[in-house]
Amino acid sequence: MEICTLKKRKDFIRAAEKGQKVCTHSVLVQAAPNKSAEDLSTYTGFTTTKKLGKANVRNRARRRLRAIVRDVFPQFALEGYTYVLIGRFITAECPYAMLRKDTIYALKKLHKLLNAPDKGSENEVAVPPADCQH
RNA sequence: ACAGGCAGCCGGAUAGCUGCGCCUAGGAAAGUAAGAUCCAUAGGUGAGGAAAGUCCGGGCUUCAAGGGAACAAGGCACCAGAUAACGUCUGGCUGGAGCAAUCCAAGUGACAGUGCCACAGAAAACAUACCGCCUGAUAACAUCUGUCAUCAGGUAAGGUUGAAAAGGCGGGGUAAGAGCCCACCGCGGAUGGAGCAAUUCGUUCGGCAAGGUAAACCAUGCCCGAAGCAAGACCAAGUUAGGAGAGCUUUGCAAAAAGUUAUACGGAGGGUUCCCACUCUACUCCAGAGGUAGGUCGCGCCGAGCUGUUUAGCGAUAAACAGCCAAGAUGAAUAGCUAUCGCCUGCUUUUGGCAGGUACAAAACCCGGCUUAUAGGCUGCCUGAUUUU
RNA sequence: GGAUGAGUGGCAGAGAGGCUGAAUGCGCGCGACUCGAAAUCGUGUAUACGGGGAGACCCGUAUCGGGGGUUCAAAUCCCUCCUCAUCCG
């Protein structure tokens, strides 16, 4: 499987608008199908905003995300999809095992949502009542 | 020992596995608009003292290129030196802080001119007379060294206000007072010695000259063209509509029309203005179209370069010699895991063990500074009042 | 990466050395009008520390993004740091 990195702003926006997202404590993952169905390679992008900290903190967060992708994606990611990983406040400092676990969880959940787009919307509506306890 | 001051340095170390950027060499395939690209290949190399803030000064690039001058705006400001340059650095002077080592200072000019100094206070810049003090006159009371009121004058000692009130202190002097006079200190002029100079040490004269503010305008001296690597150069693909002005050619008596930007007398344009000399462009201005998902260079093997030694100098620094070539990305390379050791804190306990921590922060064209952030540690020199042994 | 501009009560926004703790508007609190509300009118409204008072409240000091300087005196002038916003081929 080939893993390429996103380099254009347009691609990042497309993944955010057309895809699904899952948020964990250590990382936020967005995913969307590729533009053309024939394109079977996997694209990944990394975003670390100024909110995270100064330049060296952002760099470390991005490098850890890149390491996670090398470690996890060959096993868990699907072909023909675009993923965007966004760093959160603890990304640069949390234990590696936690970051790995969160990413795998996020990927699995995303694939559920993407494979059943019609049902996915129903699930989102169905979830809130579980939180409300009378 | 303790406390303090100054100068300089370090910014965790080692090993293993997986993985990344760039360079060189080698190999492979494909021919692209231009540029490319790929590899279980090999070797090399890969973030700081502040890489930061962008506060100064340069290199470099564009404005066609070069020289000179001026206005405006801005900057700097004790003296001498260092430097490519600086608002930086070094040495000194003056003033201030400290027992001292040492540290701090935008440190020119307020007799060129203008402005401002609220409130309070009698008076705030041509000083002034509110209270007070003193003298005289008049009236009253008292009764003879008086008291009080009013008027006229003298006064800058004392009081009040304020950030600031016209040299300070002591003595003489006087009706009361006053640099009115004298000594010392301060201040100003002249002059001699030391020093490149800022300045300093004397000598002598003057009775004293009239506040503060220039980080208010300003004056004096010196500096300064503007914009910035998203500067800019080249390559590739694609799109578009003209109008006004200027020059030239042709037709025409002229008005005007058509064509054109080859030649260049004049004219125009090429950095705010002006001048000089030389030169360039055919166009200049307005409007319109496309594009802002292209590529290469600029961009780091040669520099105000780095390291070391010697010499000159108090020093900043300079010169000579020897050695070295050390990131170059562009949604942007250093990460993940493991082991051992170092340092710090806490607990338990004294062979040690356990837990946690190990700063500030990462190149983006490149240098010289300044400023700000910074765990912990090392080295050298110096000082100590009434610290301790 | 580079270049500009701004920061003042809860919000917007004047003030550009002294009478400004701070104009003006919005908001908020209290009161009046009303049966009640709106509108209108009146009045008040920043924070911290210290002191006084039985209490309502009063007095003093400091604060105009933070720190330092010039000045008798700074929101205002100068230096420096922080934060926010805008622009670039």
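Everything numeric here is computed off the predicted structure, so don't read it as measured data. The chains referred to below are lettered A, B, ... by the order of the sequence lines, with proteins before strands, and numbering in each begins at 1.
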- Task: Specify the glycosidic conformation (syn or anti) of B:G49, with syn defined as within 90° of 0.
- Result: syn
- Please determine, for B:G206, whether a Watson-Crick or G-U wobble partner exists with both distances under 3.5 Å, and give it or none. B:C187
- Under the side chain to side chain donor-acceptor pair (under 3.5 Å) test, which residues partner A:Asn59, sequence neighbours left out? A:Arg62
- Look at the side chain of A:Arg63 and decide which nucleotide, out of B:A362, B:A361, B:G331, has an atom nearest to it. B:A362
- Should B:U32 form a Watson-Crick or G-U wobble pair with both distances under 3.5 Å, which nucleotide is its partner? none
- What interatomic distance, in whole Å, is found between C1' of C:U71 and the corresponding atom of C:U43? 41 Å
- Message: In whole Å, measure the gap between the P atoms of B:U90 and B:C370 for me.
- Response: 9 Å
- As its Watson-Crick or G-U partner within any shown strand, both distances under 3.5 Å, B:C17 has B:G336
Are there any protein N/O atoms within less than 3.5 Å of an N/O atom in nucleotides 327-330 of chain B, and if so, which ones and at what distance?
none

- Query: Where does B:A100 land, syn or anti, given syn is within 90° of 0?
  - Reply: anti
- Find the partner of B:A198: check Watson-Crick (N1-N3 plus N6-O4 or O6-N4) and G-U wobble (N1-O2, O6-N3) distances, both under 3.5 Å, and reply none if neither fits. none
- Query: Whole-Å distance between B:A332 C1' and A:Arg62 CZ?
  - Reply: 7 Å
- Query: With respect to A:Leu99, which candidate in A:Ile104, A:Ile68, A:Thr24 satisfies the side-chain contact (heavy atoms from CB on, under 4.5 Å) definition?
  - Reply: A:Ile68
- The side chain to side chain donor-acceptor pair (under 3.5 Å) partners of A:Ser26 (sequence neighbours excluded) come to A:Asp102
- Message: Holding to side-chain contact (heavy atoms from CB on, under 4.5 Å), I want the full list of residues that pass it with A:Lys109, two or more places apart in sequence or in another chain.
- Response: A:Val22, A:Tyr105
- Note on the structure: d(A:Lys108 NZ, A:Lys112 NZ) to nearest 0.5 Å is 9.5 Å
Protein-nucleotides 16-20 of chain B N/O pairs under 3.5 Å:
unit_1	atom_1	unit_2	atom_2	d
B:G19	O2'	A:Arg70	NE	3.1
B:G19	O2'	A:Arg70	NH1	3.2

- Message: Can you check the distance between B:A65 and B:U240, where both ends of the measurement are the P atom (answer in whole Å)?
- Response: 36 Å
- Note: for A:Val57 and A:Ala97 on RNA chain B, the residue whose nearest nucleotide lies more 5' is A:Ala97
- Roughly how far, to the nearest 0.5 Å, is CZ of A:Arg63 from OG1 of A:Thr48? 10.5 Å
- Query: When the distance from CD1 of A:Ile68 to C1' of B:G336 is rounded to whole Å, what number comes out?
  - Reply: 9 Å
- Hunt down the Watson-Crick or G-U wobble partner of B:U249, both distances under 3.5 Å, from any strand shown, or write none. B:A258
- G-U wobble or Watson-Crick pairing nucleotide for C:U43 (cut-off 3.5 Å, both distances): C:G29
- Message: Looking at B:C222, which nucleotide sits across from it as a Watson-Crick or G-U wobble partner, both distances under 3.5 angstrom, or is there none?
- Response: B:G75
- A:Ala67 or A:Ala55: which one's nearest nucleotide on RNA chain B is closer to the 5' end? A:Ala67
- Query: From A:Leu65 CG over to A:Phe46 CZ, what is the distance, rounded to the nearest 0.5 angstrom?
  - Reply: 6.5 Å
- Task: Specify the separation, in whole Å, of atom CG of A:Asn59 and atom P of B:A52.
- Result: 13 Å
- For A:Ala31, check side-chain contact (heavy atoms from CB on, under 4.5 Å) against everything at least two apart and list the hits. A:Tyr83, A:Leu110, A:Leu114
- Message: With rounding to the nearest 0.5 angstrom, report the NE2 to OH distance, A:His111 to A:Tyr81.
- Response: 7.0 Å
- Query: Rounded to the Å, how far apart are A:Arg58 CZ and B:A52 P?
  - Reply: 13 Å
- Task: Name the nucleic acid region contacted by A:Arg60, choosing base, sugar-phosphate or nothing; use a 4.0 angstrom heavy-atom cut-off, strictly under.
- Result: base
- Fellow cluster residues of A:Met98, listed by chain then number, with links counted only when side-chain atoms sit under 4.5 Å apart: A:Ile90
- In the strands shown, is B:A69 matched to any nucleotide by a Watson-Crick or G-U wobble pair with both distances under 3.5 Å, and which? B:U273
- Query: Any sub-3.5 Å donor-acceptor pair from A:Arg64's side-chain atoms to A:Cys94's backbone N or O?
  - Reply: yes
- Query: Considering only the P atoms, how many Å lie between B:C274 and B:A268, rounded to the nearest integer?
  - Reply: 12 Å
- Note on the structure: Testing B:A333, B:A362, B:G336 for proximity to the side chain of A:Tyr96, the answer is B:G336
- Task: Check every atom of B:G336, B:A361, B:U334 against the side chain of A:Asn56 and return the nucleotide holding the closest atom.
- Result: B:A361
- Query: Using the P atom in both, what is the distance from B:A318 to B:G369, to the nearest Å?
  - Reply: 11 Å
- Task: Pick the C1' atom in B:C301 and in B:A326, then give their distance to the nearest Å.
- Result: 10 Å
- Message: Below the 4.0 Å mark, does B:A333 have OP1 or OP2 next to a side-chain nitrogen or oxygen of A:Arg66?
- Response: yes
- Using the P atom in both, what is the distance from B:U174 to B:G168, to the nearest Å? 23 Å
- Item | C1' atoms of C:G69 and C:A14, separation to the nearest Å | 28 Å
- Message: If we ignore hydrogens and angles and just use 3.5 Å, is the side chain of A:Arg88 paired with the main-chain N or O of A:Leu28 as donor and acceptor?
- Response: no
- CG of A:Leu85 versus C1' of B:A335: gap in Å, rounded? 15 Å
